[in-house]
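Start at 1 and go down the list; that is how both ligands and their atoms are numbered.
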Amino acid sequence: MSSIIRIQDLRFTEYVTPDAIADRVSAIGKALDERFKGVDSIITIITLKGAFMFAADLIRTMHTPMYIDMVKASSYKGGVTSTGTVTLSGFTEEFEGKHILIIEDIVDSGRTIYALLDALKDRNIASCTITALCSKPSQHDIDISQEFVGFEFQPVFIVGYGLDYKEMGRELPGIWRCID
Ligand code: PRP
């Protein structure tokens, strides 16, 4: 594959290879199994669309029994920065007394995670753990255990491995950084 690709009006160069992602995803899966040792089962909440690829790979490395729920979380609305307003839809599981694992593709401003935590706060859950493939710590003040974060980035715009630009680029097996 060429080292520079174009998606719509922007150019991107490869930033994290598929092999590096696979190594990190496997390490996070092990750490999460350790985190949930002794727990009968958990509920994973996969944030769509971006986290679909990370979640599919991550949960296949894990051995913790789980129910799977998905929520549509929307904040970018097709652009390169978060809009600040998060819309959530689609919970189907009963969360009371359950250990929750939120699977995010990227924590940017942190508003999506805040909105999810807010939606869970009155549901009497046993615990909530967050895992994210990518994080931009300088952009948010939420406390996420680094053990469950794949990669920490400066505020660069990235696509691939589930992440999009104007709904394109999600299928790329690696993570690509915008160079425009
Ligand atoms: C993106 C991304 C995260 C969220 C992160 O979703 O997938 O869920 O924004 O940004 P935040 O930390 O500033 O909230 P988006 O709204 O683009 O929807 P998508 O997952 O369908 O692409």
Side-chain angles (χ1 to χ4, degrees), residues 5-12 14-16 18 20-21 24-25 28-29 32 42-59 66 68-93 95 100-121 125 128-178 180:
I5 57 169
R6 175 174 289 280
I7 300 177
Q8 310 271 22
D9 54 324
L10 296 180
R11 293 172 307 145
F12 295 82
E14 195 172 44
Y15 200 35
V16 186
I21 293 173
R24 198 64 200 107
V25 169
I28 294 170
L32 286 168
I42 63 171
I43 298 181
T44 63
I45 299 176
I46 302 168
T47 61
L48 299 175
K49 302 178 187 173
F52 80 95
M53 200 177 285
F54 173 46
D57 286 345
L58 177 69
I59 64 181
M66 61 179 71
I68 295 177
D69 207 348
M70 299 183 188
V71 64
K72 176 76 186 99
S74 222
S75 71
Y76 273 69
K77 306 268 187 272
V80 297
T81 54
S82 184
T83 59
T85 309
V86 180
T87 316
L88 295 179
S89 55
F91 286 134
T92 58
E93 294 291 335
F95 297 124
I100 308 295
L101 172 63
I102 295 175
I103 305 183
E104 254 285 37
D105 48 328
I106 183 165
V107 181
D108 191 340
S109 69
R111 287 189 194 96
T112 302
I113 289 292
Y114 279 119
L116 277 163
L117 294 177
D118 193 53
L120 293 172
K121 77 175 185 318
I125 60 174
C128 183
T129 301
I130 299 165
T131 182
L133 178 71
C134 309
S135 174
K136 296 179 185 171
S138 64
Q139 303 300 97
H140 58 73
D141 57 9
I142 198 162
D143 187 24
I144 305 173
S145 167
Q146 281 191 330
E147 206 185 349
F148 309 130
V149 168
F151 303 96
E152 290 196 336
F153 297 133
Q154 293 305 308
V156 290
F157 183 64
I158 52 177
V159 298
Y161 200 71
L163 290 137
D164 73 304
Y165 173 52
K166 295 183 178 174
E167 293 299 329
M168 301 289 289
R170 295 190 196 273
E171 74 284 7
L172 295 166
I175 296 171
W176 293 65
R177 172 175 62 90
C178 181
D180 286 317

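Applying the 4.0 Å criterion to heavy atoms of A73 picks out, from ligand 1, the atoms 16 (O), 18 (O). For ligand 1 and D105, the ligand atoms under 4.0 Å from any heavy atom of the residue are 2 (C), 3 (C), 7 (O), 8 (O). Under a 4.0 Å criterion applied to the non-hydrogen atoms of G110, ligand 1 contributes the atoms 11 (P), 12 (O), 13 (O). Every atom of ligand 1 is numbered from 1 in the order shown, and the set under 4.0 Å from a heavy atom of L48 is 20 (O), 21 (O).
In this structure, R170 has a heavy atom closer than 4.0 Å to ligand 1. The closest approach between a heavy atom of K72 and any atom of ligand 1 is below 4.0 Å.
The aromatic rings of F12 and Y165 sit tilted relative to each other, their planes meeting at an angle between 30° and 60°.
A salt bridge does not link E14 to R177: none of the charged side-chain nitrogens sits closer than 4.0 Å to a carboxylate oxygen.
Considering backbone and side-chain N/O atoms, V107 never comes within less than 3.5 Å of an N/O atom of ligand 1. In terms of N/O distances under 3.5 Å, ligand 1 is approached by D164. In terms of polar-atom proximity, L163 is not counted as a contact of ligand 1, lacking any N or O under 3.5 Å from an N or O of the ligand.
Checked against the 6.0 Å centroid criterion, the rings of Y15 and F153 qualify as a close aromatic pair.
Closest heavy-atom approach to atom 5 (C) of ligand 1 within the set V71, I106, L116: this belongs to I106. Considering each of S109, A115, G50, the one bringing a non-hydrogen atom nearest atom 20 (O) of ligand 1 is G50.
Under the side-chain hydrogen bond (donor to acceptor under 3.5 Å, both in side chains) criterion, T47 pairs with E104, not counting sequence neighbours. Evaluation of the side chain to side chain contact (heavy atoms under 4.5 Å, CB included) rule for A20 yields V16, T17 as partners, not counting sequence neighbours.
In Q8, the CD atom is crowded: over 12 heavy atoms of neighbouring residues, nucleotides or ligands sit closer than 6.0 Å.
In Q139, neither the side chain nor the backbone holds a heavy atom less than 4.0 Å from any atom of ligand 1.
Side-chain contact, Y161 with D105: no donor N or O sits under 3.5 Å from an acceptor N or O.
L58 and T131 get closest at one heavy-atom pair: CD2-CG2, 3.9 Å.
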